[in-house]
Amino acid sequence: MSQDPNCIFCKIASGKIPSKKVYEDEDIFVFHDINPWAPVHFLMIPKQHIASMAQAGPEHAALLGRMMVLAPKLAVEQGCTPYPEGGFRIVCNTGTHGGQEVHHMHWHVMGGPRPWLKG
Ligand code: 5GP
Ligand code: ZN
């Protein structure tokens, strides 16, 4: 599996940097954001290093599909009120104009009662 030794999220996915883990399988790692914007705020990442959504190709379609299907399940498990009264927001900042700070593709999943800090 391709990893970048200098990437903070590769280190989190491999356990070299500790995190509050939400979910893990062979391909996907999910953990709480260190600086939450909302009552529920976790990050979903592929374990393989993909720098951003801009690098997603057909070879990643199955992985991204699995992440997308997993998101609503984890959102409710983590305390988001069920749809439609509650729900959640998925954000994938991509590139400089997209506001991306960590260059390992990640999806923010946020929910819980408003107001939120941002988002
Ligand atoms: P971006 O701006 O790239 O979309 O979001 C990066 C997110 O990663 C931010 O919300 C930030 O709080 C989170 N983050 C950065 N470093 C760490 C860390 O070491 N551990 C955890 N759990 N989250 C981090
Ligand atoms: Zn990485």
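Numbers here simply count residues along the sequence, with the first being 1. Read the numbers this way: they start at 1 and go in the same order the structure lists the ligands and their atoms. Values in this document were obtained by computation on a predicted structure and should not be read as measured data.
Taking atom 22 (N) of ligand 1 as the reference point, the nearest protein heavy-atom neighbour is His32 O, 2.9 Å. For atom 21 (C) of ligand 1, the closest non-hydrogen atom on the protein side is Ile34 CB, 3.4 Å. Protein heavy atom at the shortest distance from atom 16 (N) of ligand 1 is Ile8 CD1, 4.0 Å.
At a threshold of 4.5 Å between non-hydrogen side-chain atoms, the residues Phe29 and Pro46 do not count as touching. Between Met105 and Phe9 the shortest side-chain heavy-atom distance does not fall below 4.5 Å. By the 4.5 Å heavy-atom criterion applied to side chains, Met44 and Ile90 are not counted as neighbours. A 4.5 Å side-chain heavy-atom check between Phe31 and Lys20 finds every atom pair outside the cut-off.
Considering each of Asn93, Asp33, Asn35, the one bringing a non-hydrogen atom nearest atom 11 (C) of ligand 1 is Asp33. Comparing heavy-atom distances from atom 2 (O) of ligand 1 across Gly119, Gly99, Cys92 singles out Gly99 as nearest.
Atoms of ligand 1 lying under 4.0 Å from at least one heavy atom of Phe9, given by number and element, are 8 (O). Atom numbering of ligand 1 starts at 1 in the shown order; those under 4.0 Å from a heavy atom of Ile12 are 18 (C), 19 (O), 20 (N). The contact set between ligand 1 and His108, taken as ligand atoms under 4.0 Å from a residue heavy atom, comprises 1 (P), 4 (O), 5 (O), 7 (C), 10 (O). If you number the atoms of ligand 1 from 1 as listed, the ones under 4.0 Å from a heavy atom of Phe31 come out as 21 (C), 22 (N).
Residue Leu43 places no N or O, backbone or side chain, under 3.5 Å from any N or O of ligand 1. Any N or O atom pair closer than 3.5 Å counts here, and Glu101 shares at least one such pair with ligand 1.
The Zn ion (ligand 2) lies closest to atom ND1 when only the N/O/S atoms of His104 are considered. The N, O or S atom of His49 with the smallest distance to the Zn ion (ligand 2) is ND1.
Residue contacts with ligand 1 for His106 involve side-chain atoms from C-beta outward but no N, CA, C or O (heavy atoms, distance under 4.0 Å).
Ring to ring, His32 and His41 are not that close: their centroids are 6.0 angstrom or more apart. Aromatic rings from Phe88 and Phe42 are positioned such that their centres are separated by 6.0 Å or more. The aromatic ring centres of His104 and His106 sit 6.0 Å or more apart.
Note that OG1 of Thr96 is 10.0 Å distant from CD of Glu101, once rounded to the nearest 0.5 Å.
Without hydrogens or angle criteria, Gln3 side chain to Pro5 main chain gives no donor-acceptor distance under 3.5 Å.
Checking Val40, Val30, Leu43 one by one against Val22, the side chain to side chain contact (heavy atoms under 4.5 Å, CB included) holds for a single residue, Val30.
Expressed to the nearest 10°, the angle at the Zn ion (ligand 2) joining SG in Cys10 with SG in Cys7 is 120°.
At a 4.0 Å cut-off, not a single heavy atom of Ile17 sits close enough to ligand 1 to count as contact.
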